[in-house]
Amino acid sequence: MKEIRRSWREALGLGLLLAWMYCSFFSCGLIPHASVLRSSEHVWIYAGLGMAITALCLVALRARTPFAGKTTAGAIGAAAAGVGSLLIWLSFLHESWNVPVSAAGGLLAGSGLAVMAVIWCQRLSGFKVSKLEAAVPMAFMLAFATYFVLLAIKGPLFAVACILMPIGSMALAFRCADFWTCPFVGECACSSNKPIAGRIAPQLKSMAPLLAMYCLFWVQFSSFRVISSPSVVGDRIMHYLVPFSCAAAVAVGMFLLCLRHVRFLNYSLMYRWSMPLMVLGCGIFAMGPNALYDYKSVAYAANFLAVFGAQFTIWVVTPKHVCRAGFNPVVAMASFVAAEGLGIVCGLAFSLPAVGHEESLTGAATLITGAAVLAAMVFGFNPDWFFAGRAKNPLFLAKEEAPENEKPTGTAQTSSGAKSPDAALQPAESACNAGAESKTPTGATSISPSLSELFELQARSLQRQYGLTERETEICALLLAGRSRPYIRDELIISLNTVHAHARNIFSKCGVHSQQELMDLPKAMAEHDAARKQPS
């Protein structure tokens, strides 16, 4: 509840961006006269092109210079999105305007989406994991609610809302005064804003299989959308609103269940969530002509639910991956946006000319789904997608992994050349701000080895004093380092319920009531022992 109160501004800002995206590209709200079949799909292809081009430009620019502009970049993105939405709405007021104006509107809206997504990724990547996992589900729920409310005011007011939502989103993104100067919050630090040309190539190489699968996923969804579109005007409620509503309601529950019970909240969640639903949607369509007519809304809802799962994974995992793997937030999110845009363009360019041959399109969509599932099978256990496990936890690195005479590289010391014992008892973020940081080969910031060893020693001391189990000792060391419980879940590959249970046991055995009291306990024990040793 505390994290929800702290993250309402970020949840509202990201929710406005997601709501704008759903209103602009996933419905016909910006189309005042639904007289053109598959009109929104014709706009969406230009939006995908704008997304891909702008995202690739952002990756290229980030290789040479920092993501400059600060608030200017957000203003440009919001302006492009707002003007694009207005042009899309105006393009349907007169038949002669439709093609050129809607194309320009789609390109501008897609470009704005790419810029705003990158800005929000950089904003979220400085959060503690607990705050991030509170903000993102709230953002999706706010986006769904906003989408349903706006559908009731379809017309000029809908267009006005689509112009204002990107502006509100960027205003909230830049509300934090230290957004660009100090994104570090508590459990990890973003890559610096210095030129990083030498690091972009290995980052993109490690992400290539995931990006390929993500692109295939959007090829499937965009082509599936064309296949499931009604052949007559007037079927918009059953085609868009009902499937979207059902998928949104189910997705909210699945989000919360995943956060609570899943043990692998990383990029693997994308194919564990989305792939079965994609296969289910194609299976319903393959049942025959009657099923194609009667159950197309069910199949479309399944694909919408797959989309929500993929988007949820990207928005939760990418900011965490930025910190844990040392990725640059601009490169990471822009790469996903580019893959999404290319997938939309390829899927619609393939399926729109084939309208009228739904049976062949259904077979093609099934083949695309099979290709995506095959990619998940081959690349889905790529270690670059995972950032959890004791082997990568600096608090429990085995001493035999490095030669005795070889000191850890990149360890930063304080000005006096030694760590202060009192500083070691503070949360991990205080230690990092004080200069006790170490850089991994990929550029990630972590707790320095000597400070990590001290947290482990403190945990071992509490284990002997209060009879903690081995697993409780592991979790205790991470709690002493100031880690949040979702972070511990990802690190030790256990469910959040299990983390809560172990934390309760640790607090009960140690006689404390909060994480802060636990962090203060070793210092209190040391002071008590020192007082006992002093002569009376």
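- The minimum heavy-atom distance linking Leu479 with Ala503 is given by the pair CD1-CB, 4.5 Å.
- At a threshold of 4.5 Å between non-hydrogen side-chain atoms, the residues Val129 and Arg483 do not count as touching.
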Tell me, with the steps shown, if Thr469 and Asn505 meet side chain to side chain contact (heavy atoms under 4.5 Å, CB included). CA-CA 10 Å; Thr469 65; Asn505 291 337; over 6 Å; no
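- Exactly one of Thr473, Leu480, Ile506 qualifies for a side-chain contact (heavy atoms from CB on, under 4.5 Å) with Leu462. That residue is Leu480.
- Ser508 contributes no side-chain N or O that, together with a main-chain N or O of Arg504, makes up a donor-acceptor pair within less than 3.5 Å.
- Checking side-chain atoms of Ser125 against main-chain N and O of Cys121 turns up a donor-acceptor pair under 3.5 Å.
- Contacts of Val499 classified as side-chain contact (heavy atoms from CB on, under 4.5 Å), with partners at least two apart in sequence or in another chain: Arg485, Ile488, Arg489, Ile494.
- Taking the six-membered ring where tryptophan is involved, the planes of Phe217 and Phe221 are essentially parallel, since the angle between them stays under 30° and well short of 60°.
- At a threshold of 4.5 Å between non-hydrogen side-chain atoms, the residues Thr318 and Tyr267 count as touching.
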Pair Arg272, Val262 - check side chain to side chain contact (heavy atoms under 4.5 Å, CB included), show working. CA-CA 11 Å; Arg272 288 186 286 127; Val262 75; 3.5 Å; yes
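- Aromatic pair Phe304/Tyr300: centroids less than 6.0 angstrom apart.
- Taking the six-membered ring for Trp and the full ring otherwise, the centers of Tyr22 and Phe244 sit less than 6.0 Å from each other.
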Go through the steps to decide whether Phe140 and Gln311 satisfy the test side chain to side chain contact (heavy atoms under 4.5 Å, CB included), and finish with yes or no. CA-CA 10 Å; Phe140 274 90; Gln311 291 178 328; 3.9 Å; yes
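- With values rounded to the nearest 0.5 angstrom, Met519 atom CE is found 5.0 Å from Gln516 atom CD.
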Take Arg225 and Ser40 through the side chain to side chain contact (heavy atoms under 4.5 Å, CB included) test and state the conclusion after the steps. CA-CA 11 Å; Arg225 171 171 173 162; Ser40 56; 3.0 Å; yes
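- Proximity of a side-chain donor or acceptor of Glu472 to a complementary backbone N or O of Leu468 within less than 3.5 Å is not detected.
- Looking at every heavy atom in both residues, Met165 comes nearest to Ala19 through SD-CB, 3.9 Å.
- With Ser461 contributing its side chain and Leu457 its backbone, the two residues share no donor-acceptor pair below 3.5 Å.
- Using a 4.5 Å heavy-atom threshold, the side chains of Met207 and Val331 count as separate.
- Residue pairs that meet the side-chain hydrogen bond (donor to acceptor under 3.5 Å, both in side chains) test with at least one member in residues 209-222, sequence neighbours left out, are Tyr214-Trp218, Tyr214-Glu340, Gln220-Asn303, Gln220-Thr369.
- By the 30° and 60° cut-offs, the orientation of the rings of Phe312 relative to Phe255 is parallel.
- Between Trp273 and Phe308, the distance from one ring center to the other does not fall under 6.0 angstrom.
- Minimum interatomic distance between Gly82 and Pro166 (heavy atoms only, all atoms of both residues): N-CG, 4.3 Å.
- Side-chain contact check for Trp20 and Ser85: at least one donor-acceptor pair (N or O, by modelled atom type) lies under 3.5 Å.
- Residues Leu132 and Val316 share a closest heavy-atom pair of CD2-O, 3.2 Å.
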